Amino acid sequence: MSDISFPWLRALPFRIALLWLVLATGAYAEAVSPSGDLHQITLRAVSLPSGQLAYQMVRHQIRSPDGATSDVTSRYAQGPTIPGPTLVMREGDRAEVTLEHGISGSSQPVSIHVHGVHYKNEDDGTLKILNRRVDSAAFPGKPYTYTWTAAPGTAGTWPYHDHAFGNPMLGSEDKGLFGTLIVNPADGKVNAMIDGKNVLVDLKDVKREFVLWMHETTFWGMEINHLANGKQFPLWTNPTLGARQGEKIRFHVLGMGTAFHTFHLHGHRWLTPGTTELIDTVNIGPLSRHAFVVEAGEGVGPGEWHYHCHVAQHMQSGMMGDFRVVP
Ligand SMILES: [Cu+2]
């Protein structure tokens with residue numbers, strides 16, 4: 001028993017007790033969670049007259065670490081949109097996203113499953129049949145709140161979508177219940193190839209962002225206009241995108257549904273993220289995502305720059321639009 005005189009061994013029961021206390025109280029999660037803004041967001045899932053489903057923004061408040069609170073709800077479109085509201089966080093932020101069930105005539109649960117960021121098992125937006133713990137979904141009159149952490153390293157453009165409604169295994173993302181989460185890097189800078197140089201672009205210098213979802217044979221678009229205080233404009237299907245020559249524009253291209261696509265934009269070229277490879281076409285499969293920055297009309301000037309899916313069958317079905325660059 002003389003071993004017990006070793007200090008490290010004497011401290012062992014204390015260490016075990018401390019570890020247990022820390023894990024049991026969640027203090028461990030608190031200790032390692034980042035210290036950015038807290039986003040308190042309420043979304044509602046509703047049905048459209050067309051029979052499609054969509055998310056709509058109800059409220060978005062941001063609480064900064066110093067306790068100041070700002071309400072940014074007015075940045076969003078009024079009413080439901082496809083894709084749903086584009087949620088913008090920064091590496092280090094947390095979000096509490098409350099989903100309300102507003103789908104008339106149905107008592108089936110509806111949810112939000114998000115990609116990319118960190119969340120607990122019960123916040124993954126699936127039903128008990130999949131996660132074995134809880135129905136991570138909203139029921140009529142019974143909202144559900146998800147906590148997401150944009151932990152360091154999770155910067156990127158990510159999808160969110162329903163994982164419950166109508167089909168307990170799959171959900172109804174295909175009917176319009178999908179949207180975009182942008183996690184901006186902590187330093188606020190992204191790579192881009194501009195005038196033949198690989199440069200770091202400060203996101204403060206990006207004037208507009210276009211979110212394009214490729215769903216079967218249709219583009220569904222959303223604009224974030226930083227010249228209008230980050231206001232979001234739903235662009236609906238196969239939209240014309242507008243920019244002034246020389247403006248820095250960030251594109252976010254994502255896939256939904258069952259088809260595989262090749263996104264192509266005329267007259268422009270950009271970097272494969274994290275590389276120096278210059279491309280002007282990118283493969284987009286279901287729920288894959290790709291983001292890049294271009295300078296509108298760089299090296300080519302103003303024009304009606306066509307964008308489209310390069311899968312011939314999809315092109316023939318009208319999967320196209322214009323990027324209109326004006327002087
Ligand atoms: Cu396609």
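Note that the structure is predicted; figures quoted are calculated from it, not measured. Just so you know, ligand 1 is whichever comes first in the structure, and atom 1 is the first atom listed for that ligand.
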Within 45° cone and under 6.0 Å: Arg324 NZ/CZ vs Trp305 ring:
no

Can you list the residues that meet the side chain to side chain donor-acceptor pair (under 3.5 Å) rule with His118, with sequence neighbours excluded?
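For His118 there are no side chain to side chain donor-acceptor pair (under 3.5 Å) partners, ignoring immediate neighbours.
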
Partner set under side chain to side chain donor-acceptor pair (under 3.5 Å) for Ser106, not counting sequence neighbours:
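For Ser106, no residue satisfies side chain to side chain donor-acceptor pair (under 3.5 Å) once neighbours in sequence are set aside.
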
Salt-bridge criterion met for Glu247 and Lys207 (N-O under 4.0 Å):
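Salt bridge between Glu247 and Lys207, a charged N being under 4.0 Å from a carboxylate O: no.
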
With sequence neighbours excluded, tell me which residues meet ring-ring contact (aromatic ring centres under 6.0 Å, His included) with His60.
His39, Tyr76

Do any protein N, O or S atoms sit under 2.8 Å from the Cu ion (ligand 1), and which ones are they?
His261 ND1, Cys309 SG, His314 ND1

Crowding at CZ, Arg269 (>12 non-hydrogen neighbours, <6.0 Å):
yes

